Trainee: 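Supplied in structure tokens, the structure appears directly below.
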Amino acid sequence: MERVVIVTGANSGIGLALCERLLTENSQIRLCLACRNMQRAEAARSALLTSHTGACVDLLHLDVGSVRSVLTAAKEVKTRYRKIDFLYLNAGIMPNPQVDIRAFIKGLFSRNVINMFATAEGLLTQQDHLNSDGLQEVFATNLFGHFLMIRELEPLLCQAGHTSRVVWTSSSNARRSAFDIEDMQHRNGTEPYSSSKYASDMLSLALNRQKNSQGLFSSVICPGLVMTNLTYGILPSFFWTLIMPIMWLIRIFTNTFTLTPYNGAEALHWLFLQAPESLDPRAKYHSLTSGLGTNYTEPQRMDIDEEMSEALYKKLLKLETVVRRKLSEENADNKAYQQYLNETE
Ligand SMILES: NC(=O)C1=CN([C@@H]2O[C@H](COP(=O)(O)OP(=O)(O)OC[C@H]3O[C@@H](n4cnc5c(N)ncnc54)[C@H](OP(=O)(O)O)[C@@H]3O)[C@@H](O)[C@H]2O)C=CC1
Ligand SMILES: CC(C)CCC[C@@H](C)[C@H]1CC[C@H]2C3=CC[C@H]4[C@H](C)C(=O)CC[C@]4(C)[C@H]3CC[C@]12C
């Protein structure tokens with residue numbers, strides 16, 4: 001039977017590579033590219049159809065960082081499909097990244113050097129800001145918009161006799177010490193990316209506890225260090241190209257330098273082939289590439305405590321209520337204003 005697969009952030013990088021791999025290595029898939037930029041989404045769709053003539057590739061407009069857009073997109077999904085087999089929550093941002101050069105040089109001469117290259121611990125900070133919904137942009141995009149999407153799509157994801165999967169593209173940059181449950185949006189820190197990815201790891205665990213009995217299973221992956229628009233925002237692409245031989249060399253010591261979107265999508269595709277019952281809800285599945293270029297997936301236990309993941313889940317539900325209330329008030333205001341305009345005309 002045809003499997004419905006939705007991928008957020010599918011118009012470039014790891015998301016697009018996943019789509020390419022899904023179509024190449026599996027038949028009977030109905031793929032839905034859920035994207036913010038529809039011009040790039042059209043281009044991605046054309047590229048996929050050129051290499052896979054006759055494939056079923058749909059487009060869906062989704063700005064995962066906007067509450068209104070998520071609700072509209074979810075409504076559209078519910079009219080188009082009767083079930084969802086896989087929902088890949090892949091869209092993500094890292095705005096205005098800054099590398100701490102001193103920490104990098106110090107790290108090069110420390111015993112922690114391999115870990116530094118794999119996780120960027122202590123190296124990266126970002127500048128975040130409030131979006132038009134009044135939420136921190138990184139939190140809204142990397143976590144909350146996806147959470148809201150799952151909540152809206154629950155009727156399709158939690159169906160009797162059917163198993164659905166959600167897969168989060170997390171990161172090895174996710175770090176417990178960057179996350180504060182009293183400041184889940186990371187308003188007060190300088191590592192919103194790390195915080196949002198740690199939150200997605202916790203949310204995945206909470207979702208498994210809450211929803212496995214209803215047929216919904218959640219997993220998290222790390223794609224490794226991949227050359228995409230996201231990494232070109234950290235250092236310019238010509239610089240990455242220049243140091244590519246060094247990166248291949250580093251790959252001999254850390255298999256986390258997957259480098260290409262195809263390699264980075266390894267764990268995402270591997271999960272597609274696994275039975276959900278065989279997966280560990282506490283594991284992060286890493287895409288890895290050996291020095292010789294062989295791809296494989298390996299689980300690593302996440303540093304998460306159940307109580308905090310449950311607390312996060314509850315806080316997200318509360319925020320969802322607040323956000324929905326605000327939206328319906330705005331809608332009522334708009335309606336009243338429109339009526340006033342009509343009457344005064
Ligand atoms: N590259 C790397 O080394 C690593 C990446 N990751 C994660 O992988 C995921 C994919 O990133 P990657 O492929 O590297 O980078 P890209 O920038 O190539 O891809 C990011 C995708 O997310 C989309 N996106 C961003 N914001 C929104 C939004 N508000 N609504 C809808 N779509 C949005 C982008 O679309 P648009 O065209 O609209 O901008 C784009 O398609 C991210 O979650 C990232 O955090 C994790 C670890 C390492
Ligand atoms: C000689 C070069 C390799 C120098 C590059 C230094 C830094 C700019 C990069 C070193 C480690 C990189 C990263 C590691 C982990 C990634 C993580 C998994 C992710 O989610 C996003 C990107 C990374 C943080 C990435 C960013 C660049 C480095 C800090």
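All of these numbers come straight from a predicted model, not from anything done at the bench. Count residues from 1 along the sequence. The basis for the numbers below is simple: all heavy atoms, side chains too, and nothing from hydrogens, waters or symmetry mates.
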Trainee: I'd like to know if the side chain of Ser164 reaches the main chain of Leu157, judged simply by a donor and an acceptor atom lying under 3.5 Å from each other, with no hydrogens or angles considered.
Mentor: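 Side chain of Ser164 to backbone of Leu157, a donor-acceptor pair under 3.5 Å: yes, one is there.
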Trainee: Main chain of Thr258, side chain of Asn263: is a donor-acceptor contact present, judged purely on distance under 3.5 Å?
Mentor: yes
Trainee: Nearest 0.5 Å please: distance from the CE atom of Met94 over to the OG atom of Ser196.
Mentor: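 Answer for the CE-OG pair, Met94 versus Ser196, is 8.5 Å.
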Trainee: Keeping Thr254 on the side-chain end and Arg251 on the backbone end, is there a donor-acceptor pair under 3.5 Å?
Mentor: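 Not a single qualifying donor-acceptor pair exists.
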Trainee: Only counting residues at least two apart or in another chain, list the ones meeting ring-ring contact (aromatic ring centres under 6.0 Å, His included) with Tyr193.
Mentor: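 Partners of Tyr193 by the ring-ring contact (aromatic ring centres under 6.0 Å, His included) criterion come out as none, since no residue qualifies.
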Trainee: Which atom pair, heavy atoms only, marks the closest approach of Met302 to Ala283?
Mentor: CE-O, 3.9 Å
Trainee: Under a 4.5 Å cut-off applied to non-hydrogen side-chain atoms, are Ile221 and Pro223 in contact?
Mentor: yes
Trainee: Keeping Ser195 on the side-chain end and Phe179 on the backbone end, is there a donor-acceptor pair under 3.5 Å?
Mentor: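 The answer is no, because no donor-acceptor pair under 3.5 Å joins these two groups.
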Trainee: Please check if Leu316 and Val70 belong to a single hydrophobic cluster, counting links between Ile, Leu, Val, Met, Phe, Trp and Tyr side chain heavy atoms closer than 4.5 Å.
Mentor: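 Yes: a chain of side-chain contacts under 4.5 Å links Leu316 to Val70.
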Trainee: Of all the heavy-atom pairs spanning Gly134 and Arg187, show the shortest one and how long it is.
Mentor: O-NH2, 3.8 Å
Trainee: Looking only at atom types and distance, does a side-chain atom of Ser172 sit under 3.5 Å from a main-chain N or O of Ala118, one as donor and one as acceptor?
Mentor: yes
Trainee: Do Tyr88 and Leu59 share a hydrophobic cluster, counting only Ile, Leu, Val, Met, Phe, Trp and Tyr and linking them when any side-chain heavy atoms are less than 4.5 Å apart?
Mentor: yes
Trainee: Check whether more than 12 heavy atoms from other residues, nucleotides or ligands sit under 6.0 Å from atom OH of Tyr232, and answer yes or no.
Mentor: yes
Trainee: Let's go through His286 and Asn255 carefully: what are the C-alpha distance in whole Å and the side-chain angles of both, what is the deciding distance for side-chain hydrogen bond (donor to acceptor under 3.5 Å, both in side chains) to 0.1 Å, and is it a yes or a no?
Mentor: CA-CA 10 Å; His286 289 254; Asn255 41 15; over 6 Å; no
Trainee: Kindly say whether Gly293 contributes a backbone atom to a donor-acceptor pair with the side chain of Thr289 at under 3.5 angstrom?
Mentor: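 Side chain of Thr289 to backbone of Gly293, a donor-acceptor pair under 3.5 Å: no, none is there.
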Trainee: Test side-chain hydrogen bond (donor to acceptor under 3.5 Å, both in side chains) on His269 and Asn26; report intermediate values, then the result.
Mentor: CA-CA 10 Å; His269 183 250; Asn26 309 276; 3.0 Å; yes
Trainee: Answer yes when Asp85 and Lys83 have at least one side-chain N-carboxylate O distance shorter than 4.0 Å, and no when they do not.
Mentor: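 Salt bridge: yes.
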Trainee: Give every residue pair that meets the salt bridge (Lys or Arg N to Asp or Glu O under 4.0 Å) criterion with at least one member in residues 198-207, sequence neighbours excluded.
Mentor: Asp201-Lys284
Trainee: Kindly say whether Gln274 contributes a backbone atom to a donor-acceptor pair with the side chain of Ser278 at under 3.5 angstrom?
Mentor: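 Pair absent, no side-chain N/O of Ser278 close to backbone of Gln274.
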Trainee: Would you sort out whether Phe257 and Val226 count as a side chain to side chain contact (heavy atoms under 4.5 Å, CB included), showing the intermediate values?
Mentor: CA-CA 7 Å; Phe257 273 35; Val226 186; over 6 Å; no
Trainee: Identify which one of Tyr296, Trp270, Trp168 satisfies the ring pair (Phe, Tyr, Trp, His ring centres under 6.0 Å) criterion when paired with Tyr285.
Mentor: Trp270
Trainee: What are the two closest non-hydrogen atoms of Thr228 and Pro261, and how far apart are they?
Mentor: CG2-CG, 4.3 Å
Trainee: For the hydrophobic clusters of this structure (ILVMFWY residues joined by side-chain heavy atoms under 4.5 Å, transitively), does one cluster hold both Phe147 and Met149?
Mentor: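 Yes; tracing contacts between hydrophobic side chains, which count when under 4.5 Å, links both residues.
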Trainee: Please report the interatomic distance CG(Leu16) to CZ(Arg45), rounded to the nearest 0.5 Å.
Mentor: 13.5 Å
Trainee: Carefully, step by step, assess Asn331 and Ser328 under the rule side-chain hydrogen bond (donor to acceptor under 3.5 Å, both in side chains).
Mentor: CA-CA 5 Å; Asn331 287 345; Ser328 57; over 6 Å; no
Trainee: Is there a side-chain contact between Val166 and Ile84 in this structure, where contact means two heavy atoms from C-beta onward sitting under 4.5 Å apart?
Mentor: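 When only atoms from C-beta onward are counted, Ile84 and Val166 do not touch, as no gap falls below 4.5 Å.
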Trainee: Could you walk me through whether Val5 and Leu22 pass side chain to side chain contact (heavy atoms under 4.5 Å, CB included), step by step?
Mentor: CA-CA 9 Å; Val5 182; Leu22 285 171; 3.8 Å; yes
Trainee: I'd like to know if the side chain of Glu191 and the backbone of Arg175 have a donor-acceptor N/O pair within less than 3.5 Å.
Mentor: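 Pair absent, no side-chain N/O of Glu191 close to backbone of Arg175.
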Trainee: Is any side-chain heavy atom of Asn11 closer than 4.5 Å to a side-chain heavy atom of Asn37?
Mentor: yes
Trainee: Is the count of non-hydrogen atoms from other residues, nucleotides or ligands lying under 6.0 Å from Lys106 atom NZ greater than 12?
Mentor: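 Open: at most 12 neighbouring heavy atoms sit under 6.0 Å from NZ of Lys106.
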Trainee: Which pair of non-hydrogen atoms, one from Gln136 and one from His186, has the smallest distance, and what is that distance?
Mentor: NE2-O, 4.3 Å
Trainee: Nearest 0.5 Å, what's the CG-CD distance between Leu71 and Glu76?
Mentor: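 Taking CG in Leu71 and CD in Glu76, the distance rounds to 13.5 Å.
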Trainee: Answer yes when Glu329 and Arg325 have at least one side-chain N-carboxylate O distance shorter than 4.0 Å, and no when they do not.
Mentor: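 Looking at Glu329 and Arg325, the cut-off is not met.
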Trainee: Using side-chain heavy atoms (C-beta onward) and a distance below 4.5 Å, is Arg40 in contact with Cys35?
Mentor: no
Trainee: Heavy atoms only: give me the nearest Ala140-Leu135 pair and the separation to one decimal.
Mentor: CB-CB, 4.1 Å
Trainee: Side chain to side chain contact (heavy atoms under 4.5 Å, CB included), that's the test. Do Phe217 and Asn208 meet it? Break it down for me.
Mentor: CA-CA 6 Å; Phe217 291 80; Asn208 280 319; 4.3 Å; yes
Trainee: Measuring only between side-chain heavy atoms, which start at C-beta, is Lys211 closer than 4.5 Å to Gln214?
Mentor: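 A side-chain contact exists here, since the closest heavy-atom pair is under 4.5 Å.
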Trainee: Using 0.5 Å steps for rounding, measure from the CE atom of Met308 to the CG atom of Leu205.
Mentor: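 Going from the CE atom of Met308 to the CG atom of Leu205 covers 12.0 Å.
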Trainee: What verdict does the salt bridge (charged side-chain N to carboxylate O under 4.0 Å, His left out) test give for Glu306 and Arg209, after you've listed the backbone C-alpha separation in whole Å, the side-chain angles of each residue and the deciding distance to 0.1 Å?
Mentor: CA-CA 9 Å; Glu306 299 224 351; Arg209 222 180 4 254; 2.8 Å; yes
Trainee: Tell me, do Val67 and Leu148 make a side-chain contact under 4.5 Å, heavy atoms counted?
Mentor: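 Yes. Closest side-chain heavy atoms under 4.5 Å.
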Trainee: Within the 4.5 Å heavy-atom criterion, are Leu203 and Tyr198 side-chain neighbours or not?
Mentor: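 Result no, sub-4.5 Å side-chain heavy-atom pair not found.
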Trainee: How long is the span from the CG atom in Leu143 to the OG atom in Ser170, to the nearest 0.5 Å?
Mentor: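 The distance works out to 10.0 Å.
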Trainee: What is the distance from atom CG of Asp180 to atom CZ of Arg176, rounded to the nearest 0.5 Å?
Mentor: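 Separation between the atoms: 12.0 Å.
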Trainee: State, to 0.1 Å, how close Cys19 and Val7 come at their nearest heavy-atom pair, and which atoms those are.
Mentor: SG-CG2, 4.0 Å
Trainee: Please answer whether the main-chain N or O of Glu137 pairs with a side-chain N or O of Thr141 as donor and acceptor at a distance below 3.5 Å.
Mentor: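 Looks like yes, one N/O pair under 3.5 Å.
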Trainee: Among side-chain atoms of Ser69 and Asp63, is any donor-acceptor pair under 3.5 angstrom?
Mentor: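 Their side chains do not contain a donor-acceptor pair, so the 3.5 Å distance test is not met.
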Trainee: Answer yes or no: is there a donor N or O on one side and an acceptor on the other, between the side chain of Arg165 and the main chain of Leu271, under 3.5 Å?
Mentor: yes
Trainee: More than 12 heavy atoms of other residues, nucleotides or ligands under 6.0 Å from CD of Glu307: yes or no?
Mentor: no
Trainee: What orientation do Phe86 and Phe272 show, parallel under 30°, tilted 30 to 60°, or perpendicular over 60°?
Mentor: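 If you compare the ring of Phe86 with that of Phe272, the planes turn out tilted.
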Trainee: Could you walk me through whether Thr125 and Thr190 pass side-chain hydrogen bond (donor to acceptor under 3.5 Å, both in side chains), step by step?
Mentor: CA-CA 5 Å; Thr125 54; Thr190 54; 5.4 Å; no
Trainee: Checking salt bridge (charged side-chain N to carboxylate O under 4.0 Å, His left out) for the pair Arg324/Glu152: CA distance, chi angles, key distance, verdict?
Mentor: CA-CA 12 Å; Arg324 284 185 193 276; Glu152 277 295 296; 2.6 Å; yes
Trainee: Within the structure provided, determine whether Arg3 and Arg30 are in side-chain contact (heavy-atom separation under 4.5 Å).
Mentor: no
